[in-house]
Amino acid sequence: MREEYKGCCMKFSNEELKKYMVDYLIDNSWDCMQIRFLSEDGDDIELDSSEEIETIVLDGTDENLCIMFFDCQTSVFVYNEEIMFIDDNAKGSYTSSDVYGNAVYEGKLREMSHEEMLHLFSEVILCFADATDVSITQSVAPENKYKKYWYYTPHLFTVHVKKKGKSEQISVYENITIVH
């Protein structure tokens with residue numbers, strides 16, 4: 001079932017973050033002791049706080065892996081790289097300098113429920129478990145594969161994840177391939 005969105009499509013409640021993301025990560029072997037929640041001011045808060053969660057840090061005090069929620073954009077930051085999920089209706093206002101050097105997801109987020117979006121973000125995050133380094137390469141997307149925007153052109157991205165002693169897997173999320 002798809003939700004009808006008024007305004008931006010990524011206005012997640014703390015309850016949704018817990019139910020559809022945090023619990024999912026923990027159920028998939030994420031160390032719950034490494035998860036921290038930050039307010040808009042950067043203060044540590046509890047998951048059940050009445051204050052809105054802006055950032056979830058997933059590696060404790062190291063802060064090499066986190067996800068930030070900005071209503072029209074959600075970004076996964078991992079080892080100084082950024083994977084951007086931008087509301088379909090807001091993409092036209094992003095410029096090439098806004099997205100430069102970052103992997104931008106070109107899937108249709110507005111066709112997803114909050115549960116589906118948070119599950120997608122969780123699956124991406126799980127690719128970075130035990131990562132020691134991350135790099136992103138960009139290539140030209142096939143002509144007419146993705147909607148073109150006035151201020152930036154969609155690309156294909158390969159995210160290379162280095163891990164200690166792990167076998168290599170490949171996960172594909174629309175135009176983003178993660179080799180982990």
Side-chain angles (χ1 to χ4, degrees), residues 1-26 30 35-58 63 65-78 80-128 136 138 141 144-157 159 171-176 178:
M1 181 172 118
R2 305 294 178 236
E3 296 178 20
E4 291 293 323
Y5 298 108
K6 295 178 176 94
C8 295
C9 71
M10 291 181 271
K11 292 183 179 181
F12 305 115
S13 69
N14 289 5
E15 183 178 297
E16 288 175 312
L17 293 175
K18 178 191 183 316
K19 184 176 179 181
Y20 301 132
M21 177 175 250
V22 174
D23 289 349
Y24 181 82
L25 290 169
I26 292 169
W30 204 272
I35 301 174
R36 296 174 38 228
F37 308 96
L38 305 178
S39 68
E40 182 179 4
D41 297 331
D43 297 327
D44 279 286
I45 58 175
E46 295 298 318
L47 180 58
D48 59 359
S49 170
S50 61
E51 198 168 351
E52 187 176 324
I53 294 170
E54 180 185 81
T55 305
I56 300 176
V57 178
L58 296 148
E63 297 187 15
L65 179 58
C66 67
I67 184 167
M68 297 181 79
F69 306 97
F70 304 110
D71 294 344
C72 287
Q73 173 187 331
T74 296
S75 288
V76 174
F77 293 90
V78 57
N80 298 315
E81 300 290 355
E82 181 177 1
I83 301 172
M84 302 172 76
F85 298 87
I86 303 169
D87 185 318
D88 307 345
N89 288 356
K91 282 186 180 175
S93 65
Y94 280 70
T95 67
S96 57
S97 62
D98 292 329
V99 301
Y100 180 78
N102 302 325
V104 179
Y105 177 76
E106 294 298 338
K108 303 280 187 228
L109 292 169
R110 284 191 161 260
E111 294 178 3
M112 296 180 190
S113 67
H114 277 181
E115 180 178 1
E116 291 168 320
M117 279 186 247
L118 291 167
H119 181 80
L120 168 67
F121 304 154
S122 297
E123 287 296 319
V124 169
I125 287 166
L126 288 168
C127 295
F128 301 113
I136 297 175
Q138 174 179 301
N144 300 321
K145 173 78 172 161
Y146 300 105
K147 180 179 177 182
K148 293 192 190 273
Y149 300 94
W150 187 256
Y151 299 113
Y152 87 91
T153 303
H155 289 86
L156 302 178
F157 300 93
V159 181
S171 300
V172 179
Y173 304 98
E174 193 63 41
N175 63 313
I176 300 173
I178 302 176

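The chain is numbered in sequence order, starting from 1.
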request  = Check whether more than 12 heavy atoms from other residues, nucleotides or ligands sit under 6.0 Å from atom CD of Q138, and answer yes or no.
outcome  =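 Check passes, neighbour count above 12.
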key: Residue K148 excluded, over 12 heavy atoms near NZ under 6.0 Å   =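 Count over threshold, so yes.
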request  = Sequence neighbours left out, what pairs pass salt bridge (Lys or Arg N to Asp or Glu O under 4.0 Å) with at least one residue falling in residues 88-101?
outcome  = K91-E106
Measuring from [X]:[atom1] to [Y]:[atom2], what's the distance to the nearest 0.5 Å?
X	Y	atom1	atom2	answer
I67	F128	CD1	CZ	10.5 Å
S75	M10	OG	CE	8.5 Å
L109	T74	CG	OG1	8.0 Å
K11	E16	NZ	CD	12.5 Å
H155	I176	NE2	CD1	13.0 Å
M21	I53	CE	CD1	10.5 Å

For a 4.5 angstrom cut-off between non-hydrogen side-chain atoms, does [X] reach [Y]?
X	Y	value
F85	V76	yes
Y146	T153	no
I35	W30	yes
F37	E46	no
I45	L38	no
C9	M117	yes

note = The side-chain contact (heavy atoms from CB on, under 4.5 Å) partners of E40 (sequence neighbours excluded) come to E54
Is there a donor-acceptor pair under 3.5 Å between the side chain of [X] and the backbone N or O of [Y]?
X	Y	result
E81	V78	no
N14	S49	yes
N89	G7	no

task = Please report the shortest heavy-atom distance between M112 and Y5, naming the atom on each side.
result =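 Scanning both residues, the minimum pair turns out to be O-OH, 2.6 Å.
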key: Nearest heavy atoms of C127 and Y173, plus distance in Å   =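 Reported closest heavy-atom pair: SG-OH, 3.6 Å.
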remark   = Residues passing the disulfide bond (SG atoms under 2.5 Å apart) test with C72, sequence neighbours excluded, are C8
All salt bridge (Lys or Arg N to Asp or Glu O under 4.0 Å) counterparts of D44, not counting sequence neighbours =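 Testing D44 for salt bridge (Lys or Arg N to Asp or Glu O under 4.0 Å), a comparison that skips the adjacent residues, returns R36.
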query = Is it true that the side chains of Y94 and Q73 contain a donor and an acceptor less than 3.5 Å apart?
reply = yes
In a table with atom names and distances, give each donor-acceptor pair under 3.5 Å that connects a side chain of residues 119-126 to protein atoms at least two apart or in another chain.
from, atom 1, to, atom 2, distance (Å)
S122, OG, L118, O, 2.8
E123, OE2, Y24, OH, 2.0

key: Any residue meeting ring pair (Phe, Tyr, Trp, His ring centres under 6.0 Å) with Y152, in chain and number order, not counting sequence neighbours   =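 For Y152 the ring pair (Phe, Tyr, Trp, His ring centres under 6.0 Å) partners, ignoring immediate neighbours, are Y149.
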Steps toward side-chain contact (heavy atoms from CB on, under 4.5 Å) verdict (F69, I56) = CA-CA 9 Å; F69 306 97; I56 300 176; 3.9 Å; yes
Test log, rule side-chain contact (heavy atoms from CB on, under 4.5 Å), inputs L65 and V57 = CA-CA 6 Å; L65 179 58; V57 178; over 6 Å; no
task = Using side-chain contact (heavy atoms from CB on, under 4.5 Å) as the criterion, point out the one residue from I136, N102, I83, I178 that pairs with F157.
result = I136
